[in-house]
**Q** 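Pasting a structure below so you can have a look.
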Amino acid sequence: MFKVLRVVIGRDLLLSMRRRADVANALLFFILVASLFPLGVGPEPNLLRTIAPGVIWVAALLASMLALGRMFAADYADGALEQMLLASAPLGLIVIGKAVAHWLVSGLPLMLLAPVLALQFDLPIDALLVLVASLALGTPSLTLIGSIGAALTLGVRGSGVLTSLLVLPLYVPVLILGTSAVDAAAGGVTVQAHLLLLTAFLIFAGAFAPWAAAAALRISLD
Amino acid sequence: MLEVVDLRCERGERALFDGLEFKLPAGALLRVAGANGSGKTSLLRILCGLALPARGDVRWQGESIRALREEYHRQLVYIGHAPAVKDELTGRENLAVSCALGGTPADAAVVGAALERVGLDGYADLPARHLSQGQRRRVALARLAACEATALWILDEPFTALDTTAIGCVQEMIAEHLERGGIVVFTSHQEVMGASITAYTIELGG
């Protein structure tokens, strides 16, 4: 069973490797949005420090949402998804595999780029570390929740907008917890509570989202 | 044994077929025929478990496929209209992935032999993007050669876009599979299997 998981992750990573432009799109978007803010707002250090967590988190959230369309659409179009529904492992497990691969190419790079971008906002080192930690816990949740929306809107016209509308309300708690963690760190307050809540959210999403997405896929392909 | 009990399929308000019943013992070949839109693909998707029938049940070895799920999938090869061949992967990678997903992992030698069997030996390491329509179809059909031990083959229009050599090759694989005691269900507009093989035929619609 875990062999199938490994095959799915390996396959999706290989596909992303050979379709690098798609992956780069979302990343470039993230870099552009996060870099334009300091230019647009002006060089006032205090103001920049105040808006930094929000701007970086919102940019990361939008970039991750931008990448959602890639998750199932191509496999749906060429029939590969049908074969996944008929695989020898439970569909939920395959969704987990796809989500892991998707996070590795869309979430992980965001997390690694964030501290570099945060330098433009003059964030203190403590806050930088918390920013990375909060993204490490938050972006997998975004991917998992997003997989439900992506699965539900398969084959629907204008699915991008619809996916956003579906998943945004569920993204909001992650966004609030993530930004307030970084805010707290910048203000010298303990961030444990925020990070623990983000962890709880991730565990919850990890336990339920793949099965919800699997059910949605079955409906979309019926 | 594949068994279908009182099957009804609806598209919109219209019933495509109703009260369909048949039993396929080991070694049986079933051809599903019918005009366009008569429900051939729908029937095949129901047999796989991809779609739910409006009424009735599909049973494998006496048990409902809805209860068996992955257990059933392990004994099934379905090749649909869409060949499920990824453009970015080579023929070899495509075949290895689809075998592993289906629960019958194939090593490099098996994959190589299967691709050679369908006449793709020179193209195995080319990304599928560079293959023709018929060649992609062959990559999908190579799975039959790699998954000989899988009992049930469900093939949707396996002969479209194939040249005569490839059609012969697929016919040969099907005949061998029947001899091993496998079951094959396929859709086709023409009588394509030779006279030496007796096929049950279901005519849908009309």
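None of these values were measured; they are calculated from a predicted model. To find a chain, count down the sequence lines: A is the first, B the second, and so on, and within it residues start at 1.
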**Q** Is there any residue in residues 60-88 of chain A with a non-hydrogen atom under 4.5 Å from a non-hydrogen atom of chain B, and which ones are they?
**A**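 Within residues 60-88 of chain A, the residues under 4.5 Å from chain B are A:Ala74, A:Asp75, A:Asp78, A:Gly79, A:Ala80, A:Glu82, A:Gln83, A:Met84, A:Leu85, A:Leu86, A:Ala87, A:Ser88.
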**Q** Given heavy-atom pairs under 4.5 angstrom as the criterion, report whether the side chain, backbone, both or neither of B:Leu76 touches chain A.
**A**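 Only the side chain of B:Leu76 comes within 4.5 Å of chain A.
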**Q** Listed by chain and number, what are the side-chain hydrogen bond (donor to acceptor under 3.5 Å, both in side chains) partners of A:Ser180, not counting sequence neighbours?
**A**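 Scan of A:Ser180 (side-chain hydrogen bond (donor to acceptor under 3.5 Å, both in side chains), adjacent residues dropped) gives none.
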**Q** Taking atom CZ of B:Arg69 as the centre, does the number of heavy atoms from other residues, nucleotides or ligands within less than 6.0 Å exceed 12?
**A**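 Open.
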**Q** Measuring only between side-chain heavy atoms, which start at C-beta, is A:Arg11 closer than 4.5 Å to B:Glu93?
**A**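 Not touching, per the 4.5 Å side-chain cut-off.
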**Q** Could you report the tightest heavy-atom contact between B:Glu88 and A:Leu15, atom names first, then the distance?
**A**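 Nearest heavy atoms, B:Glu88 then A:Leu15: OE1-CD2, 3.5 Å.
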**Q** I need the contact set between residues 20-28 of chain A and chain B: heavy-atom distance under 4.5 Å, sorted by residue number.
**A**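 Residues of residues 20-28 of chain A touching chain B at under 4.5 Å: none.
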**Q** With a 4.5 angstrom heavy-atom cut-off, could you sort out which part of B:Val85 is near chain A: side chain, backbone, both or neither?
**A**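 Answer is backbone: N, CA, C or O of B:Val85 sit under 4.5 Å from chain A.
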**Q** Closest approach of A:Arg18 and B:Leu89, non-hydrogen atoms and distance?
**A**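 Reported closest heavy-atom pair: NH1-CA, 3.7 Å.
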**Q** Return yes when atom CD of B:Glu176 has more than 12 non-hydrogen atoms of other residues, nucleotides or ligands closer than 6.0 Å, and no otherwise.
**A**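 Result for CD/B:Glu176: enclosed.
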**Q** Just wondering, are more than 12 heavy atoms of other shown residues or ligands nearer than 6.0 Å to CZ in A:Phe37?
**A**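 No, because the 6.0 Å sphere around CZ of A:Phe37 holds 12 heavy atoms or fewer from other groups.
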**Q** For chain B, which candidate among A:Arg6, A:Arg218, A:Met17 shows the most heavy-atom pairs at distances under 4.5 Å?
**A**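 Winner by heavy-atom pair count: A:Arg218.
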**Q** Checking heavy atoms, do the side chain of B:Arg136, its backbone, both or neither come under 4.5 Å from chain A?
**A**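 Contact with chain A is absent: no heavy atom of B:Arg136 under 4.5 Å.
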**Q** Is B:Pro127 close to chain A through its backbone or its side chain, or both, or neither, when contacts mean heavy atoms under 4.5 Å?
**A**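 Neither part; nothing is under 4.5 Å.
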**Q** Using a 4.5 Å heavy-atom cutoff, which residues in residues 141-154 of chain A come close to chain B?
**A**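 Residues of residues 141-154 of chain A touching chain B at under 4.5 Å: none.
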**Q** Tell me whether the count of non-hydrogen atoms from other residues, nucleotides or ligands lying under 6.0 Å of CZ in A:Phe201 goes above 12.
**A**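 Yes - once you tally the heavy atoms of other residues, nucleotides and ligands closer than 6.0 Å, there are more than 12.
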**Q** Looking at B:Phe22, I want to see if its CZ is surrounded by more than 12 non-hydrogen atoms of other residues, nucleotides or ligands under 6.0 Å.
**A**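 Atom CZ in B:Phe22 is crowded, with more than 12 foreign heavy atoms closer than 6.0 Å.
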**Q** Please test A:Asp222 against B:Leu50 for side-chain contact (heavy atoms from CB on, under 4.5 Å), starting from the C-alpha separation and ending with a verdict.
**A** CA-CA 6 Å; A:Asp222 191 344; B:Leu50 278 173; over 6 Å; no
